[in-house]
Amino acid sequence: MKRIIIIAFFLAFASWVTAEQVVVQTKGITMVLEVENGKQPQYVYFGSRLNDNDLQHLQTPVNGRMDAYPAYGLNAPSEAAIAMRHADGNLSTALVVTGIERLKNDGNQITVIHMKDVVYPVIIDLKYMEYKDAEMILMWAEITNNEKGTVTLTQFASGFLPIRRGDVWVSHLYGSWGNECRVVEELLEPGVKILKNKDGTRNSHTDHGEVMFSLDGKARENTGDVIGAAICYSGNYQLKIDTDDTEYHYFFAGINPDNSEYHLKRGETFKTPPLALTFSSEGLSGASRNFHKWGRKYMLMHGNKERKILLNSWEGVYFDINQKGMDEMMADIASMGGELFVMDDGWFGNKYQRKTDNSSLGDWGVDRQKLPDGIEGLLRDAKKHGIKFGIWIEPEMTNSVSELFEKHPDWIVKAPNREAVKGRGGTQLVLDLANPKVQDFVFSVVDNLMRNYPEIDYIKWDANMPIINHGSQYLNMADQSHLYIEYHRGLEKVCKRVREKYPDLTIQACASGGGRANWGILPYFDEFWVSDNTDALQRIYMQWGTSYFFPAIAMASHISAAPNHTVYRTTSLKMRIDVAMSGRLGMEIQPKNMTEEEKELCRKAIAEYKRIRQVVQFGDIYRLLSPYDHKGLASLMYVSEQKNRAVFYWWKTEQMQNEHLPRVKMAGLDAQKMYRVHELNRIDRKPLSFEGKSYSGAYLMNRGLEMPYTHDVDWNQKTNWSSRVLELEAE
């Protein structure tokens, strides 16, 4: 008995002496965990960077559950990050630390906390990556089953973070087709808040997998403490905030576990997608700047390369593709200074011609009736006009009216023993990317195009249908719950193959508009289509929300026709240009329907966008006045890293008689520098009163410039829309 007591004391002492304060930090952010062998690691702190003295005297949180990765079973009433059914049926898991390891990844440090169940041979490694030159920390879990049989994972969060209660607000993004990425701000109250997606193929039409937590009251753009979080995943996700009777909100993020239990075989490791976390004491815009810089440097494909100005054919001609028409559109965009023409849907199909959206997906042969000279002729014409050429595909989908479906009906997603549920056009079906043969086919769509036509510069990759009926004809019946996860594993495999072979190709992620705006897909894509709705007014709201997490270089924003094809609103061409110039500028219009005056205005805008492209696409964003504040205005600006150049945007969102609008103060400038002001896209008969004048950064940030509420134009040019874009250059 005495020997047992001595051994127990030694083990307790050994466990105590291994206690360690684990610090994960960037230049501006610190995360602290208390890690002790034989116990669960404990969260202690996440926020602005701490010095050595503060770390030494850091207070331990009280009246909260601080387990770094809470497991289900021994405190069942509490929400858990991980839950599983062990091979013998036991539903409880108890995790303890077995060691700490530090690794390097491209110069960035990864801290690994090794854990295991105290009874079962299940190993969980919590991994935290800190960036040496970006204000971002990634966390994820790797779960390994060393039991004799299969372990069933029923919950598998990527990360968990306790957030101290107080006056905490959450800002998140919601929407629908044609109304993506709208902002909502809510005070966190007791109860459970869940943001989720169950689309199956796209994940950002409804809720978004990104949130901002404002820790000291309702969100402000450029002041206040903010935590930003984003799940880096292209599939179904769940963000959950649980607020109970303790002092903390509990934030969980990861793959949506709904109908996705995962059967982890012996020796297999399940890796969750990363959760990206940032912190800023400079408000929402500060957190956004952190996401943008990190995204451009580490996540977005070609994030350091300027994007071309393009014309997309979709709203111009829809399915009415023909050789002569494409040549004419190329000539038009080239004459206006554009650099790229993209031919959208309607160019393919042999047995079944693609005239509408109800046939031919999967049959990626050129329709020679529409294009007798083929893609070769289109590339020839693009070269003749001195521009690049791009093309639309939808490789993950097929139609029941297609040669592909006739040959491979077993390739589609379909519930067992049931008829397939069809989507767009009454015939669209989703190909099952869990199937390696389907993965090979989807890769071949891109590969065949690029091998046959290596001069193709740009691909618009669309995905227009969710997984409506749950079922895989490839997966065995016992693993049908793996479909959602295996689909996106398959998609990632295809994307990796594409990028390994075609690293220089520009690819846009389109998914019925903005359905794939997420940091899981963007490592393989250069940009995304924000929305099929190109209306300038609604785009202000959508692009505002999009900018919370994604940089302007990734946001495709196009000048389109009036009345708008989605909401039928007629906005001025000036307004449409000024809004489109706040993202990656392009056009979505039939130029031959434009007047020469309109073409000249676009020509001027394209030339001026080329002047400011570096600032917009690589600059720091400062959102100044939100359209969601309903003050009749929206305003933001981009500032170069050196603070020697800036672009300021001012859009009126409504027009009233005897209105009184706030003067907008600028931000992000060097107070000591003098900035010369020049208006872009000017349509007024006379220059603005401050045109060509210089002002100190302090003056512009403390006072701002008075903007005329309307444009000084001839009577027949007056509209109820007003907007301004100012270029600022330091002297």
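Just so it is clear, the structure is predicted and the values come from calculations on it, not from any experiment.
Using a 4.5 Å heavy-atom threshold, the side chains of Met115 and Tyr69 count as touching. Two residues are said to be in side-chain contact when any heavy atoms from C-beta on lie closer than 4.5 Å; Thr111 and Leu126 fail this criterion. The shortest side-chain heavy-atom distance between Ile621 and Phe291 does not fall under the 4.5 Å cut-off. Counting heavy atoms from C-beta outward, Leu215 and Arg164 have side chains that stay 4.5 Å or more apart. Looking at Asn256 and Asn197, their side chains never come closer than 4.5 Å, going by heavy atoms from C-beta outward.
A donor-acceptor pair shorter than 3.5 Å can be found between the side chains of Thr93 and His86. Counted by atom type alone, Asn145 and Tyr120 present zero donor-acceptor pairs between their side chains at under 3.5 Å. Under 3.5 Å, the side chains of Glu142 and Thr269 contain no donor-acceptor pair of N or O atoms. With hydrogens and angles left out, the side-chain atoms of Ser285 and Glu221 include a donor and acceptor closer than 3.5 Å. One side chain, Tyr524 or Glu492, offers a donor N or O that lies under 3.5 Å from an acceptor on the other.
In terms of modelled atom types and a separation under 3.5 Å, the side chain of Gln543 and the main chain of Ser582 share no donor-acceptor contact. For Ser204 (side chain) and Gly515 (main-chain N/O), a donor-acceptor pair under 3.5 Å exists by modelled atom type.
Using cut-offs of 30° and 60° on the angle between ring planes, the pair Tyr43 and Phe160 is tilted. Note on ring orientation: taking the six-membered ring where Trp is involved, the planes of Tyr250 and Tyr248 are tilted (angle from 30° to 60°). Note: His488 and Tyr233 have tilted aromatic rings, judged against thresholds of 30 and 60 degrees for the angle between ring planes.
Taking the six-membered ring for Trp and the full ring otherwise, His482 and His263 have centroids separated by under 6.0 Å. Here the two rings, on Phe270 and Tyr262, have centers that are under 6.0 Å apart. Proximity of the aromatic rings of Trp544 and Trp651 is defined here by a centroid distance below 6.0 angstrom, and this criterion is not met.
Around CG of Asp52, the count of heavy atoms belonging to other residues, nucleotides or ligands within 6.0 Å does not exceed 12. Applying the 6.0 Å contact sphere to NZ of Lys132 captures more than 12 heavy atoms from other residues, nucleotides or ligands. Atom NZ of Lys198 has 12 or fewer neighbouring heavy atoms from other residues, nucleotides or ligands inside a 6.0 Å radius. When the shell of 6.0 Å around CD of Glu641 is examined, it contains 12 or fewer heavy atoms from other residues, nucleotides or ligands.
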Working for salt bridge (Lys or Arg N to Asp or Glu O under 4.0 Å), residues Glu20 and Arg102: CA-CA 13 Å; Glu20 180 178 341; Arg102 290 179 174 85; 3.0 Å; yes
